[in-house]
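Worksheet: one structure, shown below.
As the structure lists them, so they are numbered: ligands from 1, and atoms in each ligand from 1.
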Amino acid sequence: MDTEKDPSCNKVPLFEKADFPVGVAVDFAKLIRDEAYRNLIISQFNSITAEQSMKASFIHPARDAYNFSETDQLIEFCKKHNKRLHGHTLVWYKGNAKWMDKFKGDKDAWDQVLKEHIHTIVGHCRGNVKSWDVLNEAFNDDGSLRQNVWLKNIGEEYIEKCFRYAAEADPAALLFYNDFDLESRPEKLDAVLKYLGRLKAKGVKIDGIGMQMHTNVNFPYITDINMAAMEVEAHGFLVHYSEFDISLVKAGTLWMMDKHLLKRQGSRMKEIVAGYRRLGSKSRFGITMWGLSDADSWLYDKNDHDRPLLFDKRYKVKPAYCGFLEALTE
Ligand code: 9MR
């Protein structure tokens with residue numbers, strides 16, 4: 001079913017109305033080939049995250065080989081159109097190149113791999129990538145450290161090291177820790193804040209926290225979202241809603257209720273964006289939508305044509321877009 005013919009607003013340059021950067025995760029191939037996709041991004045957003053192009057499996061496919069082709073074109077695109085480029089992601093338990101997962105060596109050898117990986121990528125992008133998700137999803141739901149090749153082979157110092165290596169390679173870049181469910185799992189948020197707070201107290205540069213915000217129309221409660229963001233801010237971190245979407249399907253919904261749900265998604269969007277605006281202006285690193293149209297979303301195929309974003313598959317605005325916009329003008 002299509003979205004409603006007439007949501008309550010028209011398309012305007014969203015980022016120009018906002019008092020914080022408004023970002024989108026981009027699919028590189030579409031950005032190059034699809035003019036409508038590209039133009040909509042240029043007109044609506046002023047911050048760009050690559051959905052795939054800067055992940056380790058793509059950018060560092062062999063120990064001594066890096067593939068900066070897409071990154072370099074994204075840098076050019078951002079320069080040309082005056083957009084901020086946010087790097088995603090240097091270290092993650094997923095998305096490693098095969099060689100990395102298979103690498104054999106002692107702790108020093110693994111440390112060397114980590115250092116070269118970060119120094120080379122951040123060094124290459126120095127001055128052109130404003131900020132990095134240095135470390136992604138390193139904690140479990142209960143607040144313990146998530147298993148990954150780095151933890152296994154280097155030990156938990158890998159966390160401190162990856163931030164130190166990133167700061168060495170580009171001292172001016174803003175460095176983020178990025179994770180999901182921080183707004184809905186207090187034990188996880190608490191563990192992350194305590195851990196990163198200890199590192200900061202030791203002089204490790206960590207500027208912000210990416211709260212991914214993969215939410216749905218019913219969950220989490222708005223008060224939980226706002227309180228989590230305020231807590232991140234109170235600990236002295238920039239707050240990035242870094243992979244924002246509002247799923248319809250994950251809420252266990254019925255397609256019969258389609259129109260109603262899209263409206264509900266619009267009011268959720270408004271509440272969440274309005275809550276974000278209550279943070280101090282210096283703490284607001286921005287809100288990044290995790291994809292442009294519903295059909296571009298990682299949830300579209302996974303969740304039976306879920307529709308979690310601001311634009312429908314024909315790039316028409318949805319009530320979610322209007323909700324975002326309304327929150328900016330109040
Ligand atoms: O949206 C991304 C999807 O297209 C990729 O297949 C997947 C694996 O690289 O990553 C998805 O994005 C994830 C992001 O990088 C980290 N947080 C969770 C996101 C959704 O899975």
Side-chain angles (χ1 to χ4, degrees), residues 23-34 37 41 45 47-61 67 70-71 74 85-101 117-118 121 129 131-141 146-150 159 162 175-185 188-189 192 208-216 219-220 228 232 239-250 285-311 313:
V24 63
V26 304
D27 175 322
F28 180 79
K30 283 188 190 153
L31 188 74
I32 298 300
R33 290 195 204 109
D34 180 340
Y37 180 93
I41 286 181
F45 300 94
S47 178
I48 301 290
T49 304
E51 194 170 356
Q52 318 292 357
S53 309
M54 295 165 94
K55 287 177 176 166
S57 54
F58 186 84
I59 207 169
H60 193 179
N67 180 357
E70 294 191 4
T71 297
L74 286 170
L85 185 54
H86 176 69
H88 174 84
T89 171
L90 295 167
V91 176
W92 191 17
Y93 75 98
K94 260 195 215 164
N96 278 341
K98 288 204 180 72
W99 73 268
M100 252 180 206
D101 286 333
H117 173 73
I118 295 175
I121 297 169
V129 170
S131 50
W132 285 96
D133 287 334
V134 174
L135 177 58
N136 197 34
E137 301 170 6
F139 286 80
N140 292 311
D141 290 350
R146 188 192 285 278
Q147 200 46 254
N148 65 28
V149 291
W150 313 106
I159 296 181
C162 60
L175 306 183
F176 282 77
Y177 174 74
N178 192 50
D179 212 332
F180 57 87
D181 287 353
L182 297 176
E183 62 288 348
S184 59
R185 294 190 182 273
K188 187 173 184 178
L189 178 61
V192 167
I209 296 191
M211 302 173 69
Q212 293 183 7
M213 294 287 288
H214 294 296
T215 64
N216 71 50
F219 184 81
V232 171
V239 183
H240 186 196
Y241 286 179
S242 57
E243 304 182 13
F244 190 22
D245 44 31
I246 303 181
S247 169
L248 302 185
V249 176
K250 276 211 180 140
F285 185 73
I287 296 185
T288 297
M289 300 306 305
W290 203 240
L292 183 63
S293 82
D294 288 338
D296 304 317
S297 168
W298 67 297
L299 296 171
Y300 188 74
D301 293 328
K302 188 171 160 195
N303 277 354
D304 189 19
H305 296 187
D306 201 347
R307 284 179 286 166
L309 296 171
L310 300 179
F311 301 96
K313 62 184 178 191

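- Side-chain N/O atoms of Asn136 and Gln212 include a donor and acceptor closer than 3.5 Å.
- Nearest residue to atom 4 (O) of ligand 1 from Glu243, Gln52, Lys55 is Gln52 (criterion: closest heavy atom).
- Ligand 1 has no nitrogen or oxygen under 3.5 angstrom from a nitrogen or oxygen of His214.
- Ligand 1 lies out of reach of Phe180, whose nearest heavy atom is not under 4.0 Å from it.
- Residue-to-ligand polar distances place Glu51 within reach of ligand 1: an N/O pair is separated by less than 3.5 Å.
- Side chains of Glu70 and Gln52: a donor-acceptor N/O pair is absent below 3.5 angstrom, by distance only.
- Among the atoms of Glu137, some N or O lies under 3.5 angstrom from an N or O of ligand 1.
- Polar contact with ligand 1: absent for Lys94 (N/O pair, distance under 3.5 Å).
- For the residue pair Asn178 / Glu243, a side-chain donor-acceptor distance below 3.5 Å is found, with atom types taken as modelled.
- Residues Leu135 and Tyr177 approach most closely at O-CD1, 3.4 Å, considering heavy atoms.
- Between Asp296 and Lys30 there is a salt bridge, since a side-chain N of the basic residue sits under 4.0 Å from a carboxylate O of the acidic one.
- Atom 12 (O) of ligand 1 has Trp290 NE1, 3.3 Å as its closest protein atom, hydrogens excluded (heavy atom only).
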